[in-house]
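Worksheet: the structure to be examined is printed underneath.
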Amino acid sequence: MSLSPLTPAEHLYLTELLPITIIPRVHLPSLPLISGPLPPLRPPHRAHVPLWLALLLKRQKKANIVPPAWLNVDNLERLIKWEQEHPERFTEELPWEWVELGEVLVEGAEDDLVGYAGGGGGVGGGGVEGDIRVLLRTLREVRWSKVREGLRELDSTYLKMNGLGHLEISELRPFAKAVVDNLRHITSSKEEARLREERDEEEEGRRAGRRGRVRGEEDDDDEF
Amino acid sequence: MSGGYYDIDAILTDAQKIPCTFNISVPGLGYLESPTLRDLSTGTTVLLPLWMASQIILARIRNTTLLEFDVPQALSPRVINALKADPRSVDLRALATHFYGLGIKTLELLSDEEQMCDVLANSFKIRAREVSDHAHNPRGALGEGADFLRGLDEMERQSE
């Protein structure tokens, strides 16, 4: 009857269509993909390819992925701090698919994240990778706790979701929708009574207005 | 409750009973009160399903309705006060499987129950948050909170 939100698998699929920067290690001629021809890969020049291809090349050790600018330890720590300091808002800095992107990149290209985040030649980077995983998790928890607080404010009118990621909205939507729907049902009798009252008042007001006008005209007559 | 002719929850909601007091005596319906009685006399209170009660109330004889409604047991002031005190501690399922459905229908039939409406809406909201916590952080079917989850009404169960 109603559109259900996307499943996590569908989210993943959509995310894998996004372009990402890679540093290829092998030469590859231009590929004719459905989404358009892929530029030829010439190491060591960076190239933009769809995420699914980047992950494929990465798995075959034919490329390194350049993580997006927001996905590093410093930035994540900063964002977590920001999120904690602003209990009423969500940051607008994260991309729409940040949950999925983070998950996929940590899963498929963790060593690239290590080198990028550590910045020190990847020495002793094992802990840093763990950190990114933990930081992403923390960020998600911090944001979700704010969503929970938002549910407390939920009434039968609206719920503000500015700055939330796609997956986060999909998680929240069916629940929020059901709650708002049911709340509307529960308060429907009250709402109806209010509407009826308003209508009555309006009717009363119109009647009073008409009386007032009639009296006004009489006054005019008197003056003449 | 999305409606629809075969919506099983709507049917079960309408099958819940509400106490009704008859304003007239009805010949031949005495068995509703006790198997030996022949006629149902004026002022008798019997439990009628919502779908029947809401139809009978429409009929009038000499400008009086045939029935008067009472607040069902599940929505008695005792329950409403308990909900006002702490919505999470009330076992709604034990009171009525379709508690909110019953509440909505009752509110439609009875006027001047604005307070009950507010209490129900507020309880639903607070309990919904609790339900969402359990959905995102399950602590096992027998872990803590199992009592709360067992006490959910059908509408709350289907929310998540």
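What you see is a predicted model; the values in this text were computed from it and never measured. As a basis for the values below, the full set of heavy atoms in this structure was taken, side chains included, without hydrogen atoms, waters or symmetry mates. Numbers restart at 1 for each chain; the letters A, B, ... are given by sequence-line order, proteins then strands.
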First locate atom [atom1] of [X], then atom [atom2] of [Y], and finally report the distance between them rounded to the nearest 0.5 Å.
X	Y	atom1	atom2	value
B:Asn122	A:Leu183	CG	CG	9.0 Å
B:Ile104	A:Arg184	CD1	CZ	10.5 Å
A:Asn182	B:Phe124	CG	CZ	4.0 Å

I'd like to know whether [atom1] of [X] has more than 12 heavy-atom contacts from other residues, nucleotides or ligands below 6.0 angstrom.
X	atom1	value
B:Trp51	CH2	no
B:Glu108	CD	yes
A:Glu83	CD	yes
A:His48	NE2	no

Exercise: identify the closest heavy-atom pair between A:Ile186 and B:Cys117: O-SG, 3.6 Å

